[in-house]
Amino acid sequence: MDSPWRLGQYSLSSACEVAPPISLDHNRFASESSEVIKFTQLLASFPYDPETWLNRGNCLRLLGYPELALGDVYKARLLVEAGIEKTSSVLGNEVRKAFRKKIYELHTTDPAWMKWVHTVSTPELLSQKVQEMLKRLELQIWTELMEGLMAANCCGDYARMSREAVEKFPDDEFFPSEVSNADAWYAQREEVLKTAVAEGHMNEDQMTTTLMNGGVYPTPYPFMAEEFLVRDEVVFKGIEEDFRRVSTNCMVVRSTIRNTSAGEGSEATTEDDCIGAIARRDITAGETILIDTMSSGSVGIDADPAGCPTCCASPVKNFWNTCCSVLYCSQVCADVAIETFHSPICGKDFGYLYTAARKATTTTDFALDALLLMRVLAISQVEDTDHPLKSKILVRLTPAYGFKEPNLIIFNFEDHIQMPISILQTFGINIFTNPLYDTWVLHTIKCRLQNNKHGQTLGDWPGTSISGLYSMLNHSCSPNVDWRHDSASSEVTMFATRDCKQGEELCISYIGSHGVSMTVVERRKKLMGWFGMACRCKKCTEEAAAQEDARNALARSVQTISP
């Protein structure tokens with residue numbers, strides 16, 4: 001975050017419905033971003049100072065990035081709790097050491113504090129002062145958590161955490177009012193959502209999800225370098241090579257499918273980073289286009305405790321690697337595991353992730369997202385790259401930026417802040433000293449996975465998958481390609497659903513068979529999360545034009561018969 005911040009790349013992720021966020025003007029943006037840079041540089045030298053994490057979190061919230069703010073403030077909370085804890089721990093000792101130094105220097109060098117230098121004149125008094133100031137800081141941290149949850153629209157988390165705060169700080173006068181605010185907000189949102197259900201705009205499950213979760217907009221942060229925002233020619237050449245390796249009848253190209261010409265009252269739109277696949281020759285209906293096997297560019301996970309860790313096939317057989325007793329369905333999968341993801345996971349206790357995943361009933365369960373994140377982070381550690389976002393799988397996934405009408409993505413404190421940090425800690429990654437896995441990196445990874453993953457159900461077990469080649473195919477509401485799991489594993493076979501001519505773009509449906517019965521309005525609403533604008537496929541364009549013609553004809557007929 002200490003890279004230069006660019007105002008031209010500044011767009012808010014916050015979508016608070018209680019107090020709608022406002023973009024900062026040039027001067028405020030420059031001031032707050034300068035503070036973020038300063039605090040980031042301080043954290044490089046003093047990573048165990050919870051006050052600096054809190055201060056940077058406050059700046060990030062003011063800039064309109066509550067998801068990043070909550071990550072920083074949660075780290076501050078972990079540090080303070082470790083520092084206050086009476087039981088000795090490595091982390092607690094680091095926090096107390098950092099705060100002792102800071103407080104002593106403050107009382108002996110700052111004129112505003114020197115009058116109280118006697119309060120830190122002995123080791124015992126200094127330790128007492130450290131505890132006193134850490135407890136005071138803890139109260140500020142919980143207050144900032146409330147602000148961050150509100151800015152991230154986390155209605156359910158806000159209600160839960162405000163009650164926890166009342167129990168934790170019974171003498172504080174502020175938090176009881178937060179509980180009242182939370183209850184009023186929850187009731188208001190529930191009433192609005194019940195109306196939406198009654199009017200047929202959402203179902204009961206969607207209402208529950210919206211009620212209990214917050215939401216933020218995916219955005220390219222102003223400090224992100226160009227290499228994290230687009231897929232360059234090196235990445236494109238790698239995708240080209242993979243297509244040549246697995247398919248003789250299709251190839252990847254720079255697609256123009258999302259470019260639209262200027263119409264009356266509208267502007268032309270172009271998307272330079274759009275990639276798609278076309279037929280290299282005539283393809284007949286039913287013909288296999290390509291098979292996307294498990295590799296470093298593809299990841300499949302599910303909740304089946306007896307499944308192969310690499311491809312999810314079940315049951316596993318007597319194949320394993322010499323490092324541990326984990327079983328695989330074949331030696332090929334055992335070898336792929338060693339080459340791509342197994343080493344960082346080997347010997348680590350990720351049982352809490354699998355226990356939660358086994359309770360999943362749908363492919364969209366957050367517990368499966370946590371497993372997918374863990375696997376992708378493992379892959380990024382195995383590959384020889386200087387940043388997780390440059391790993392082979394992540395660098396290929398569509399970032400989904402530049403939307404004209406971006407859709408909110410689901411966000412909550414447990415699944416998007418606490419769980420990713422727990423995963424990093426299980427890997428043995430120091431969340432305070434390693435900036436490669438800062439919250440903005442984790443959130444960017446989750447946004448890319450959300451935009452590219454697809455559900456899979458193998459047997460009775462739900463799962464989710466990133467298929468590196470499948471992800472390159474664009475959407476059409478009248479697709480000419482579909483996919484299936486031929487081998488009861490995460491391996492994806494793509495096949496033509498109708499005859500395709502040489503040079504024709506090969507497209508799948510992002511909304512599956514459900515799209516057949518939807519109106520153009522319903523489809524476009526469903527697809528907004530991928531495109532950030534109305535779907536412009538041939539079917540949608542023609543149906544929308546037909547509807548517009550019908551409305552115009554009706555308007556003319558009304559005018560004709562009007563007295």
Side-chain angles (χ1 to χ4, degrees), residues 12-21 66-67 149-160 181-219 359-370 400 403-416 446-447 449-457 462 464 475 477 508-537 539-540 543-544 547:
L12 306 180
S13 60
S14 175
C16 179
E17 61 195 22
V18 176
E67 71 284 4
L149 291 172
M150 181 179 292
N153 254 337
C154 295
C155 183
D157 285 330
Y158 183 72
R160 173 182 57 81
N181 292 338
D183 290 344
W185 184 15
Y186 189 93
Q188 181 184 44
R189 180 183 283 190
E190 187 175 35
E191 182 179 351
V192 170
L193 295 177
K194 284 182 176 179
T195 300
V197 171
E199 294 176 352
H201 298 308
M202 63 170 54
N203 57 40
E204 292 283 348
D205 289 340
Q206 291 170 328
M207 185 188 88
T208 300
T209 299
T210 305
L211 184 62
M212 298 309 299
N213 292 283
V216 293
Y217 292 116
T219 182
K359 299 177 183 177
T361 56
T362 65
T363 60
T364 56
D365 196 290
F366 287 131
L368 298 174
D369 288 348
F403 284 174
K404 286 187 173 182
E405 302 173 43
N407 257 24
L408 288 173
I409 60 171
I410 291 176
F411 179 88
N412 66 63
F413 191 67
E414 178 181 0
D415 295 298
H416 296 81
K446 288 185 73 70
C447 285
L449 297 180
Q450 178 66 33
N451 194 51
N452 291 274
K453 69 177 184 177
H454 62 91
Q456 59 181 29
T457 301
T464 189
H475 165 84
C477 291
I508 56 175
S509 172
Y510 290 0
I511 53 179
S513 58
H514 303 294
V516 176
S517 58
M518 292 180 179
T519 66
V520 61
V521 173
E522 292 170 333
R523 292 198 307 272
R524 284 180 162 178
K525 181 179 179 180
K526 186 78 172 178
L527 291 162
M528 190 65 72
W530 282 282
F531 304 150
M533 60 182 180
C535 177
R536 299 292 183 87
C537 74
K539 181 176 181 179
C540 283
E543 289 184 14
Q547 287 187 356

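No hydrogens, no waters, no symmetry mates; every other heavy atom, side chains included, goes into these values. Remember, it's a predicted structure, so these values are computed and weren't measured experimentally.
Looking at heavy atoms from C-beta onward, Asn153 lies out of side-chain contact with Tyr158 at the 4.5 angstrom threshold. Within the 4.5 Å cutoff, the side chain of Cys540 has heavy atoms near those of the Val520 side chain. Counting heavy atoms from C-beta outward, Thr363 and Thr457 have side chains that approach closer than 4.5 Å. Inter-residue side-chain proximity for Asp369 and Asp415 is flagged as unmet; no heavy-atom pair is nearer than 4.5 Å. When side chains are defined from C-beta on, Ile409 does not count as touching Tyr217, because their heavy atoms never get closer than 4.5 Å. Within the 4.5 Å cutoff, side-chain heavy atoms of His416 are placed close to those of Lys446.
With Lys194 as reference, Met207 is the one residue of Arg189, Met207, Glu204, Glu199 to meet the side chain to side chain contact (heavy atoms under 4.5 Å, CB included) rule. Checked options Arg523, Arg536, Arg524; the residue passing with Glu543 is Arg523 (criterion: salt bridge (Lys or Arg N to Asp or Glu O under 4.0 Å)). Applying side chain to side chain contact (heavy atoms under 4.5 Å, CB included) to Thr464 and the options Leu449, Thr364, Leu368 leaves one that passes, Leu368.
A donor-acceptor pair is defined here as one N or O able to donate and one able to accept, closer than 3.5 Å; such a pair exists between the side chain of Asp157 and the backbone of Phe413.
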Practice prompt. Evaluate the side-chain contact (heavy atoms from CB on, under 4.5 Å) criterion for residues Val521 and Gln547: first the C-alpha distance (whole Å), next the side-chain angles of each, then the deciding distance (0.1 Å), finally the verdict.
Written response: CA-CA 10 Å; Val521 173; Gln547 287 187 356; 4.2 Å; yes
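For the pair Asp365 and Lys359, the salt-bridge criterion is not met [side-chain N within less than 4.0 Å of a carboxylate O].
Here the CE-SG distance, from Met212 to Cys154, works out to 10.5 Å after rounding to the nearest 0.5 Å.
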